[in-house]
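Below is one structure, written out as structure tokens; comments come after it.
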Amino acid sequence: MNWIEKDRELIWHPFTPQKESPEPIFIESGKGSWLFDEKGNKYLDAISSWWVNLHGHSHPYIAEKLYQQALVLEHIIFAGFTHQPAIALADRLIPLLPGDFSRIFYSDNGSTSTEVALKMALQYWWNKGTTESEDSPTPRRTILAFNNSYHGDTFGAMSVSDRSVFTRPFHDLLFDVCFIDTPTSGNGGELDNLLEKEGQKIAAFIYEPLVQGAGGIKLMDPRLLNGVLEKVKARGIICIADEVMTGFGRTGRLFASDYLKQKPDIICLSKGLTGGVMPLGITACTKKIYEAYLSDDRKKTFFHGHSFTANPLACTAAIASLELLLEPAAREGIERICKLNVVFEEKLKEKYESRNVIKNTRVSGTILAFEINTGEDVYLNEISRIVTEKALEKGVYLRPLGNTVYFMPPYCITENEYGFLTKVTEAILDELFP
Ligand SMILES: *Cc1c(COP(=O)(O)O)cnc(C)c1O
């Protein structure tokens with residue numbers, strides 16, 4: 001069978017223009033930081049397969065646990081039933097979470113984890129508003145979010161994300177959201193005014209702590225973000241940390257919120273949650289949120305769920321991944337990448353920023369990013385595709401966001417492999433800007 005031909009005939013790939021897109025690469029297997037195609041080429045997975053992989057591909061420990069679980073219980077309905085992997089995962093995870101969390105709500109992916117968080121927060125106020133009239137005569141209905149944010153592709157998640165080319169066909173159907181700029185040392189007044197005028201109407205604030213991922217790996221100053229959270233919390237607004245990307249060590253610590261004194265009321269997790277092995281989403285909340293749902297009134301039930309809520313295999317992969325993450329090897333891997341990133345950041349600045357061919361080189365833990373100066377150059381405006389092609393030719397998988405090139409490797413990447421990644425990156429820049 002010609003698999004690629006069949007693919008072209010039958011499959012619709014995500015985020016992929018359907019006309020004249022390059023042929024997909026047929027990956028046969030993955031091991032550690034490497035992907036192997038059917039032609040015998042191998043590629044270093046420098047972006048952890050869309051930011052999900054933590055410990056390398058086809059990890060034998062996770063595979064073994066999955067196999068054992070599949071022989072015992074593969075799936076059951078999660079309303080009225082429960083099972084050990086879901087309970088064990090919640091029990092292990094809650095003490096590690098950044099804040100005082102008390103409940104885990106399961107779903108399937110990052111978008112559903114933020115969708116659940118938004119509904120959970122809005123219904124919190126609805127549930128309270130129908131009994132407590134004193135502080136909230138009409139339930140709070142507005143969501144506050146950052147400009148340039150990304151929280152997923154379902155409708156609620158799209159609504160609270162930046163309006164962009166990705167959401168354009170739906171703009172008239174997305175609900176209104178109050179957007180503010182990410183904090184800089186000069187823009188605190190904007191937020192003060194908004195909170196003064198609208199504070200009582202705002203139900204929740206959703207934010208990607210420290211790093212805006214899909215918005216272009218944009219970093220924010222933890223102290224300034226902490227200042228925003230302080231002001232927002234003072235108004236009783238529910239804080240939702242979307243750690244779908246930043247969770248599980250990406251920024252150096254276990255969670256990005258670990259760098260912040262102000263902790264969220266709700267946290268969203270996915271991507272690295274299962275080590276990148278199975279789809280799973282988590283929305284965790286504090287006791288305060290949960291208690292608004294403790295009611296004799298059935299209308300106050302959280303009527304939300306998915307067929308595959310808390311899938312036992314996904315929960316098993318998450319437990320196994322968490323066990324690996326807490327071992328010294330993973331910690332050392334994270335620290336190794338953090339150090340190598342700082343060294344390479346310096347080199348990029350000296351060698352390329354000084355020549356103005358790249359700008360804004362930055363590092364947050366295991367994530368490194370820079371922007372290629374494309375100017376008006378028509379060729380260079382195709383930069384994302386060009387970099388991806390050049391990198392693949394040289395044995396690395398990179399997928400820039402527009403002109404933003406970034407590394408987000410799995411924690412098992414060795415110093416040698418990282419060295420290979422930097423050599424390839426430099427070779428690409430040297431070819432583009434001789
Ligand atoms: C990827 C991402 C999502 C969406 O997750 P999916 O699993 O792709 O639906 C949401 N929030 C953030 C911060 C993300 O990086």
Side-chain angles (χ1 to χ4, degrees), residues 13-16 47-54 98 105-121 143-164 166-167 170 174 177 179 182 204-220 225 239-251 254-257 259-260 264 266-284 304 306 308-311 314 317-318 321 364-367 369 399-402 404 406-408 410:
H13 289 270
F15 286 101
T16 307
I47 66 154
S48 297
S49 288
W50 248 349
W51 318 349
V52 300
N53 192 287
L54 299 188
F105 191 96
Y106 287 107
S107 64
D108 312 328
N109 57 68
S111 302
T112 53
S113 77
T114 57
E115 201 78 35
V116 165
L118 295 168
K119 287 178 70 175
M120 197 183 264
I143 305 289
L144 179 66
F146 278 137
N147 282 316
N148 194 50
S149 58
Y150 177 77
H151 298 290
D153 288 343
T154 52
F155 262 87
M158 267 199 295
S159 294
V160 297
S161 299
D162 201 39
R163 302 291 179 268
S164 72
F166 300 109
T167 51
F170 315 105
L174 302 181
V177 169
F179 287 105
T182 50
F205 170 48
I206 185 164
Y207 57 101
E208 293 159 272
L210 267 53
V211 188
Q212 290 189 313
I217 318 286
K218 297 271 165 46
L219 310 188
M220 50 189 115
L225 176 58
C239 288
I240 303 171
D242 178 354
E243 294 229 25
V244 168
M245 186 276 276
T246 52
F248 305 100
R250 289 291 180 206
T251 64
L254 200 48
F255 298 98
S257 297
Y259 291 91
L260 305 165
I266 297 179
I267 189 168
C268 305
L269 304 169
S270 186
K271 292 201 167 116
L273 171 60
T274 63
V277 175
M278 297 284 293
L280 184 66
I282 277 181
T283 309
H304 186 108
H306 301 277
F308 283 96
T309 296
N311 173 258
S321 173
S364 175
T366 70
I367 308 167
R399 192 177 203 272
L401 292 154
T404 302
Y406 66 91
F407 300 168
M408 204 186 294

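Every number for a ligand or one of its atoms is a count from 1 in the order of the listing.
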For a quick test of your reading: what N or O donor-acceptor pairs under 3.5 Å do the side chains of residues 212-219 make, sequence neighbours left out?
| from | atom 1 | to | atom 2 | distance (Å) |
| --- | --- | --- | --- | --- |
| Gln212 | OE1 | Asn148 | ND2 | 3.0 |
| Gln212 | NE2 | Asn147 | O | 3.1 |

### Query
Hey, which residues fall under 4.0 Å of ligand 1 on heavy atoms?
Trp51, Asn109, Gly110, Ser111, Tyr150, His151, Gly152, Glu208, Asp242, Val244, Met245, Lys271
#### Entry: Matching residue for Leu118 among Ile240, Thr283, Ile266 - test: side-chain contact (heavy atoms from CB on, under 4.5 Å)
Ile240
### Query
Are side-chain N/O atoms of Thr246 and Glu243 paired as donor and acceptor at under 3.5 Å?
yes
### Query
Taking atom CD of Glu115 and atom CG of Asp108, what is their separation to the nearest 0.5 Å?
12.0 Å
### Backbone N/O of Cys268 and side chain of Ser113: donor-acceptor pair under 3.5 Å
no
### Donor-acceptor pair, side chain of Ser48 and main chain of Met408, under 3.5 angstrom
yes
